[in-house]
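Order of appearance sets the numbers: ligands from 1, and atoms from 1 within every ligand. Scope of the values below: all heavy atoms of this structure, side chains included, with no hydrogens, waters or symmetry mates. What you are looking at is a predicted structure, and each value in this text was computed from that prediction instead of being measured. In what follows, residues are counted from 1 in the order of the sequence shown.
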Amino acid sequence: MHSVELLPSILSADFAHLADEVAAAERGGGTTIHVDIMDGHFVPNITIGPPVVKSLRKATKLPLDCHLMIENPNDFIAAFADAGANWVSVHYEACTHLHRSLELIIHHGMKPGVVINPATRVDLLIDILPMVHHVLVMSVNPGFGGQEFIPFSLKKIARLAELREELGLTFKIEVDGGVAHDTVAQVVKAGAELLVAGNAVFGAGHAEKDARALLDAAREAWREIY
Ligand code: DX5
Ligand code: ZN
């Protein structure tokens, strides 16, 4: 029996104290660390790259979920593997040859994920769903933490859950953007099980307490439906 999991997104953490922030989020119940990689081209913001992933790898035993918001992701997949990434997801919108990108991630021994922006239809993914470990539904336009959840993302999560059932697949459904106290129950009830949260975990400077409270709310919603 699986359940919901919290993936703290370090985008909203204090980068000068990253190891402490990650440790606090782990004590609060985070089970995988979500790492946002931005290049200033695919999204209008720049964050971090393989060197920081390499340092994080030494600071935690939790899996590192690297969300690549970059152009030409294939050029960097080997570097993220070397840095110690465990999961790597690429954007449907950034990959001309998505199948090849996913194969490359698998070839480097990592778990492949595909991400869709709010304006991208879930059904476009049907043919590659059998090869992914997770599908990440963006519930904000990628680039920044602390944005407002886009409500129609719930329909996309539900559609993915329906497709998974229809096709007899086992990929996980991950949601990213605006997941917080006021939205988490709806997100869980729509069918997501991997919950990325940045601002709601790190925004107030109490990562352990805030992670735990968010996870408790998510589990409560989960129990109501399963
Ligand atoms: C946004 C990133 C998210 C971000 C979510 O482009 O992909 O992972 O950290 O932040 P919140 O949870 O604050 O919306
Ligand atoms: Zn992300």
_Stepwise side chain to side chain contact (heavy atoms under 4.5 Å, CB included) test for Ile116 and Leu124_ = CA-CA 10 Å; Ile116 47 172; Leu124 292 168; over 6 Å; no
*I would like to know whether Val175 and Leu194 meet side chain to side chain contact (heavy atoms under 4.5 Å, CB included); could you show each step before the answer?*
CA-CA 6 Å; Val175 62; Leu194 300 177; over 6 Å; no
_Evaluate His99 against Met131 for side chain to side chain contact (heavy atoms under 4.5 Å, CB included), listing each step before the verdict._
CA-CA 9 Å; His99 180 270; Met131 67 190 294; 3.4 Å; yes
*Begin from the C-alpha positions of Trp222 and Lys189 and carry the test side chain to side chain contact (heavy atoms under 4.5 Å, CB included) through to its verdict.*
CA-CA 7 Å; Trp222 177 270; Lys189 287 177 180 170; over 6 Å; no
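Of all the atoms in ligand 1, the ones that sit under 4.0 Å from a non-hydrogen atom of His67 are 7 (O). Here is the list of ligand 1 atoms found below 4.0 Å of a heavy atom in Gly177: 14 (O). Interface of His34 with ligand 1, defined as ligand atoms under 4.0 Å from a residue heavy atom, comprises 8 (O). Taking every heavy atom of Pro142 and a limit of under 4.0 angstrom, the matching atoms of ligand 1 come to 6 (O). Listed by atom number, the atoms of ligand 1 under 4.0 Å from Met38 heavy atoms are 6 (O). Close contacts between ligand 1 and Met138 involve ligand atoms 7 (O) [criterion: under 4.0 Å to a heavy atom]. Of all atoms in ligand 1, numbered sequentially from 1 with element shown, those under 4.0 Å from a heavy atom of Met69 are 6 (O), 7 (O). Taking every non-hydrogen atom of Ala197 and a distance limit under 4.0 Å, the qualifying atoms of ligand 1 come out as 12 (O).
The number of protein N/O/S atoms found under 2.8 Å from the Zn ion (ligand 2) is 4.
Residue Ile48 forms a side chain to side chain contact (heavy atoms under 4.5 Å, CB included) with just one option from Ile10, Leu11, Leu18, Asp36, and that option is Ile10.
Protein heavy atom in closest approach to atom 14 (O) of ligand 1: Gly178 N, 2.8 Å. What sits closest to atom 12 (O) of ligand 1 on the protein, heavy atoms only, is Gly198 N, 2.8 Å. Of all protein heavy atoms, the one lying nearest to atom 5 (C) of ligand 1 is Asp176 OD1, 3.4 Å. Gly143 N, 2.7 Å is the protein heavy atom nearest to atom 6 (O) of ligand 1. Given atom 1 (C) of ligand 1, the protein heavy atom at minimum distance is Phe144 O, 3.5 Å. The shortest contact between atom 13 (O) of ligand 1 and any protein heavy atom is with Gly146 N, 2.7 Å. Of the protein's heavy atoms, Gly145 CA, 3.5 Å lies nearest to atom 10 (O) of ligand 1.
With 3.5 Å as the limit, one finds no donor-acceptor pair spanning the side chains of Ser3 and Glu193. Side-chain N/O atoms of Asn74 and Ser101 include a donor and acceptor closer than 3.5 Å.
Side-chain atoms of Asp65 never come within 3.5 Å of backbone atoms of Thr32 as a donor-acceptor pair (strictly under, hydrogens ignored). A distance-only check finds a donor-acceptor pair linking the side chain of Thr183 to the backbone of Gly178 [under 3.5 Å]. Side chain of Asp210 to backbone of Ala204: no donor-acceptor contact under 3.5 angstrom is found. When atom types are taken as modelled, the side chain of Asp14 and the backbone of Ala16 share a donor-acceptor pair closer than 3.5 angstrom.
Taking a 4.0 Å cut-off on heavy atoms, Val140 fails to register as neighbouring ligand 1.
Contact annotation: for Ser9 versus ligand 1, heavy atoms closer than 4.0 Å belong to the side chain alone. Heavy atoms of Asn199 found under 4.0 angstrom from ligand 1 belong to the backbone as well as the side chain.
Inclusion of Asp36 in the set of residues having an N or O under 3.5 Å from an N or O of ligand 1 is warranted.
In this structure, Asn141 and Pro118 have side chains that are in contact, with non-hydrogen atoms separated by less than 4.5 Å. Proximity of Leu136 to Val114: side-chain heavy atoms (C-beta onward) are nowhere separated by under 4.5 Å.
His67 is linked by a ring pair (Phe, Tyr, Trp, His ring centres under 6.0 Å) to His34, His91, counting only residues two or more places apart in sequence or in another chain.
By the 6.0 Å contact criterion, OH on Tyr92 is open, its count of non-hydrogen atoms from other residues, nucleotides or ligands being 12 or less.
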